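Written out below as structure tokens is the structure these notes cover.
Computed from a predicted model, the values in this text were never measured in an experiment. Values reported hereafter were calculated over all heavy atoms of this structure, with side chains retained and with hydrogens, waters and symmetry mates removed. Index from 1, following the sequence.
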Amino acid sequence: LMQDYLARVWSLRKLTLRVRTDNAAAIACDQRVGFRTCGTLTRHHWADGAFHDVVLMECFLGGAAA
């Protein structure tokens with residue numbers, strides 16, 4: 001519903017997000033709603049005393065082709 005609103009009202013064509021690669025539940029949820037992996041930032045996020053990789057994800061709105 002939100003993706004349709006953003007495409008229709010705000011004329012957005014794509015959403016992007018970043019999530020740690022070790023967060024499999026979040027990645028699976030994002031994939032279920034149409035996001036796909038488009039890259040990885042290596043050792044990008046510092047947490048819990050260590051650097052972590054971050055996956056970049058994108059979702060095209062309004063039926064736009066990838």
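- Remark: Arg8 CZ is packed, more than 12 non-hydrogen atoms of other residues, nucleotides or ligands lying under 6.0 Å away.
- Residue Arg36 holds its CZ atom at 11.5 Å from CD of Gln31, rounded to the nearest 0.5 Å.
- Here the shortest heavy-atom pairing between Cys59 and Gly34 reads SG-O, 3.6 Å.
- Residues in residues 26-46 take part in these ring-ring contact (aromatic ring centres under 6.0 Å, His included) pairs, two or more places apart or across chains: Trp46-Phe51.
- The structure places OG1 of Thr16 at 11.5 Å from CE of Met57, a figure rounded to the nearest 0.5 Å.
- Summarising the geometry of Thr40 relative to Thr21, their closest heavy-atom pair is CG2-CG2, 4.4 Å, with the distance given to 0.1 Å.
- Put simply, CG on Asp30 and CG on Leu17 are 4.5 Å apart, with the number rounded to the nearest 0.5 Å.
- In the hydrophobic clustering (ILVMFWY side chains linked at under 4.5 Å, chained through shared members), Leu41 is joined by Val54, Leu56.
- Residues Asp53 and Arg20 have side chains not in contact (no heavy-atom distance under 4.5 Å, counting atoms from C-beta outward).
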